[in-house]
Protein chains: 2
Amino acid sequence: MPPHPDPAEISLQQVLEALVDPVRRQIVRELHAAGEDLRCGVIDLPVSKSTATHHFNVLREAGLIRQYYVGTSRMNALRRDEVERAFPGLLALVAADTPSGAQLSGVG
Amino acid sequence: MPPHPDPAEISLQQVLEALVDPVRRQIVRELHAAGEDLRCGVIDLPVSKSTATHHFNVLREAGLIRQYYVGTSRMNALRRDEVERAFPGLLALVAADTPSGAQLSGVG
DNA sequence: GGCTTGGTTCGATGGCTGTCGTACGATGGG
DNA sequence: CCCATCGTACGACAGCCATCGAACCAAGCC
């Protein structure tokens, strides 16, 4: 399994590059909401398998998730504490975001 | 002067797209550090004038700064409170960032 | 009026990245 | 062993975006 960056090596630049993509924010949101590690497959992404792999890689290289194998499945773990320590409040912003811009409950 | 988005219309997507560029984060940092509105010219950017104009536009359209004319100069104001209300802690993350990755005082 | 300063607009360009399909690899079940 | 499942690796492609230079405009000053 390719290397994970040390907590101290996580850069804001790379984290922002990772989080600027809506698909990758969706992954982070679902991991955050689930509260547990998830296999790649259980996250329903609007892209092909190869593209999904790409997105998971970007998140891992940015230091946002940790990946490990379980059988033929790859598990994904949100690096909550480390990210929170490096960038306080960042995960909360992503988690609170509403992809379809439906944050206005009284819309319509 | 082109329109500024309402505070309620500021989207995380657009804000991240704005902040993912190092030049634009530099602008935000300097506005944050200055604590007052700054003319475009006083921020020393590593790009040409036309590119700088582009970056200021992106920041304005994302809702991060407010722009108004003073004579032939364009003033830039960080929309602190509105951004803070929409995305708590985000400005602090950008402000605390060290572009050259020199945040580790005890490195070596 | 003419010059300088400060910034915008336009068009072109290069590189990056998100996307896909296909082929491949590994694990586990019958 | 054969096959299904889950994910990776590779190569190709399209679209976007940061960048620049040159031309332009507006305000102030002498």
Side-chain angles (χ1 to χ4, degrees), chain A residues 1-4 11-31 34 36-77 94 99, chain B residues 1-4 11-31 34 36-77 94 99:
Chain A
M1 179 122 33
H4 294 68
S11 77
L12 182 60
Q13 179 64 46
Q14 223 168 338
V15 166
L16 289 178
E17 283 172 5
L19 292 179
V20 81
D21 188 287
V23 176
R24 291 194 287 261
R25 281 206 308 284
Q26 176 185 345
I27 296 173
V28 170
R29 268 199 314 273
E30 302 214 10
L31 284 173
E36 59 178 357
D37 302 359
L38 296 178
R39 292 186 305 108
C40 294
V42 308
I43 305 183
D44 192 36
L45 298 174
V47 295
S48 69
K49 282 197 304 176
S50 48
T51 302
T53 295
H54 166 65
H55 286 310
F56 281 106
N57 285 341
V58 172
L59 286 172
R60 176 178 42 74
E61 286 159 16
L64 289 169
I65 66 173
R66 196 180 304 276
Q67 297 188 298
Y68 56 98
Y69 280 109
V70 173
T72 165
S73 294
R74 179 172 270 193
M75 294 295 294
N76 302 278
V94 175
Chain B
M1 179 123 31
H4 294 68
S11 77
L12 182 59
Q13 179 64 45
Q14 221 169 339
V15 166
L16 289 179
E17 283 173 4
L19 292 179
V20 80
D21 188 290
V23 174
R24 292 195 284 261
R25 282 206 308 285
Q26 177 184 345
I27 295 174
V28 170
R29 269 198 313 273
E30 301 213 9
L31 283 174
E36 59 178 358
D37 303 357
L38 296 179
R39 292 187 305 108
C40 294
V42 309
I43 304 182
D44 193 36
L45 299 174
V47 295
S48 70
K49 282 199 302 177
S50 48
T51 301
T53 295
H54 166 65
H55 286 311
F56 281 106
N57 285 341
V58 172
L59 287 173
R60 173 176 44 74
E61 287 159 15
L64 290 169
I65 65 173
R66 196 180 301 276
Q67 296 187 298
Y68 57 97
Y69 280 110
V70 173
T72 164
S73 293
R74 180 173 269 192
M75 295 293 295
N76 303 279
V94 175

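Lettering follows sequence order; numbering is per chain, from 1. Small disclaimer: the values here were computed from a predicted structure and weren't measured.
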Is the side chain of Gln13(A) donor-acceptor paired with the backbone N or O of Val20(B) at a distance under 3.5 Å, no angle test?
-> yes

Looking only at atom types and distance, does a side-chain atom of Gln26(B) sit under 3.5 Å from a main-chain N or O of Asp44(B), one as donor and one as acceptor?
-> yes

For [X] and [N], give me the distance from atom [atom1] to atom [atom2], rounded to whole Å.
X: Leu45(A); N: dC6(D); atom1: CG; atom2: P; result: 15 Å
X: Gln14(B); N: dC17(D); atom1: CD; atom2: P; result: 11 Å
X: Tyr68(A); N: dA26(C); atom1: OH; atom2: P; result: 22 Å
X: Asp44(A); N: dC6(D); atom1: CG; atom2: P; result: 13 Å

Heavy atoms under 4.0 Å is the rule here; annotate nucleotides 5-19 of chain C 5' to 3' with B where the base is hit, S where only the sugar-phosphate is, and - elsewhere.
-> -BBBB--------SB

Could you please spell out the steps behind the side chain to side chain contact (heavy atoms under 4.5 Å, CB included) verdict for Phe56(A) and Arg74(A)?
-> CA-CA 10 Å; Phe56(A) 281 106; Arg74(A) 179 172 270 193; 5.7 Å; no

Verify side chain to side chain contact (heavy atoms under 4.5 Å, CB included) between Leu45(B) and His55(B), making sure each step is shown before the conclusion.
-> CA-CA 10 Å; Leu45(B) 299 174; His55(B) 286 311; 5.6 Å; no

side-chain contact (heavy atoms from CB on, under 4.5 Å) test vs Arg24(A) passes for just one of Val94(A), Leu64(A), Ile65(A), Val58(A), namely Val58(A)

Per side-chain contact (heavy atoms from CB on, under 4.5 Å), Ile27(A) is matched among Ile43(A), Leu38(A), Asn76(A) by Ile43(A)

